[in-house]
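All remarks here apply to the structure that follows.
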Amino acid sequence: MKNTISKIGVFTSGGDAPGMNAAIRAVVRGAIYYKKEVYGITQGYEGMIDGDIVKLGARSVGNIIQRGGTILKTARSQEFRTPEGRAKAFQNLKKNGIDALVAIGGDGTFTGLHKFYEEYQIPSICIPGTIDNDLAGTDYTIGFDTATNTAVEAIDKIRDTAISHNRLFFIEVMGRNSGYIAINSGIAGGAVSIIIPEESMTIEELFAKLDEGGKTNKKSSLIVVAEGSKIGTAMELAHKFSERNNYFDIKVTILGHLQRGGSPSYFDRVLASRMGVAAVEGLINGERDVMVGIRNNQMVYNPFSMIINHRHEIDNELLRISKILSI
Ligand code: F6P
């Protein structure tokens, strides 16, 4: 299987993440370094289906390493979920002579590409790009570090005003199924409670904790709630708590999509650069149907089948210390 590829297609898919551009740059320049041609497919699988494919050169990816978003644009394609959509995509790749793919995205992207590989056997590698850090097989995904720093910066600012007014803030951070941003930004921002989808704290336990603060004359507090909280959104929790609370003035801030934008941190740029080169080298060395990951600071390749059926568990140590520190 070694060295049989000559034209690599690269695309971003799913939710964008800071550092995706650095990954695109690394794939393009890595491919050219190894004397392969490289094509950018715009808007993920949508562009593959519509034939929106352009040849890229080393200069086409200049001045993007520091930029948020993705120059290739991204989408969540419904049509690629259908056999007809995938057949159209395959025809377009064939028309352009593309014989290998690098996808940058999250679990939805990988699930699609795994299916495509099973059907058409196009050598494929994924690079994990999502702010959620929820993928098995890698310690970090591209974008997580930047998004968490963005959340911490926002939490620090909210703290200033919370203290000035003696207020209790429920702050919602992203993470539909994953509490990575919440647990890390919550610890870094000094939150009194952190609500994540993976841990089953009850509403009663949360409110008892807040009552304790009220009794001990705590004047202000921050609670970080992951978007995927199983006990209610930040807004719902604030509403319920306001029905029984008579000491805190309560406010809610939803950080939302601002966590997805902005210039990537040094960490995400270096991670993306390493992963982009590793993806190209993996394809050249015969890796197929795998995701690049970083484990103990080493690049690794994990089969999609292993990634898709597993999740990146939250580190129990983080949960433990967040409780110790929030007395
Ligand atoms: O998967 C990344 C993510 O930002 C999640 O944290 C969030 O739940 C989701 O995407 C939001 O998706 P959309 O941008 O489509 O609203």
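Counting starts at 1 for both ligands and their atoms, following the listed order.
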| said: Salt bridge check, Glu46 against Lys73: does any charged N sit closer than 4.0 Å to a carboxylate O? | reply: no

| query | Taking it one step at a time, do Met299 and Ile294 satisfy side-chain contact (heavy atoms from CB on, under 4.5 Å)? | reply | CA-CA 5 Å; Met299 287 294 120; Ile294 186 164; 3.9 Å; yes

| said: Whether the side chain of Asp99 engages the backbone of Lys7 through a donor-acceptor N/O pair (distance < 3.5 Å, no angle test) should be reported. | reply: yes

Report all N/O contacts between ligand 1 and the protein shorter than 3.5 Å as a table of atom names and distances to 0.1 Å; if there are none, say 'none'.
{"unit_1": "ligand 1", "atom_1": "1 (O)", "unit_2": "Asp132", "atom_2": "OD2", "d": "2.9"}
{"unit_1": "ligand 1", "atom_1": "4 (O)", "unit_2": "Arg260", "atom_2": "NH1", "d": "2.8"}
{"unit_1": "ligand 1", "atom_1": "6 (O)", "unit_2": "Asp132", "atom_2": "OD1", "d": "2.7"}
{"unit_1": "ligand 1", "atom_1": "6 (O)", "unit_2": "Asp132", "atom_2": "OD2", "d": "3.4"}
{"unit_1": "ligand 1", "atom_1": "6 (O)", "unit_2": "Gly175", "atom_2": "N", "d": "3.2"}
{"unit_1": "ligand 1", "atom_1": "8 (O)", "unit_2": "Glu227", "atom_2": "OE1", "d": "2.8"}
{"unit_1": "ligand 1", "atom_1": "8 (O)", "unit_2": "Glu227", "atom_2": "OE2", "d": "3.1"}
{"unit_1": "ligand 1", "atom_1": "10 (O)", "unit_2": "Arg260", "atom_2": "NH1", "d": "3.1"}
{"unit_1": "ligand 1", "atom_1": "12 (O)", "unit_2": "Arg76", "atom_2": "NH1", "d": "3.4"}
{"unit_1": "ligand 1", "atom_1": "14 (O)", "unit_2": "His257", "atom_2": "NE2", "d": "2.8"}
{"unit_1": "ligand 1", "atom_1": "14 (O)", "unit_2": "Arg260", "atom_2": "NH1", "d": "3.0"}
{"unit_1": "ligand 1", "atom_1": "14 (O)", "unit_2": "Arg260", "atom_2": "NH2", "d": "2.9"}
{"unit_1": "ligand 1", "atom_1": "15 (O)", "unit_2": "Arg76", "atom_2": "NH1", "d": "2.4"}
{"unit_1": "ligand 1", "atom_1": "16 (O)", "unit_2": "His257", "atom_2": "NE2", "d": "3.3"}

| field | SB check Glu153 Lys157 (cutoff 4.0 Å) | value | yes

| said: Would you say the ring centers of Phe116 and Tyr45 fall short of 6.0 Å from each other? | reply: no

| task | I would like to know whether Asp16 and Thr74 meet side chain to side chain donor-acceptor pair (under 3.5 Å); could you show each step before the answer? | result | CA-CA 7 Å; Asp16 62 354; Thr74 185; over 6 Å; no

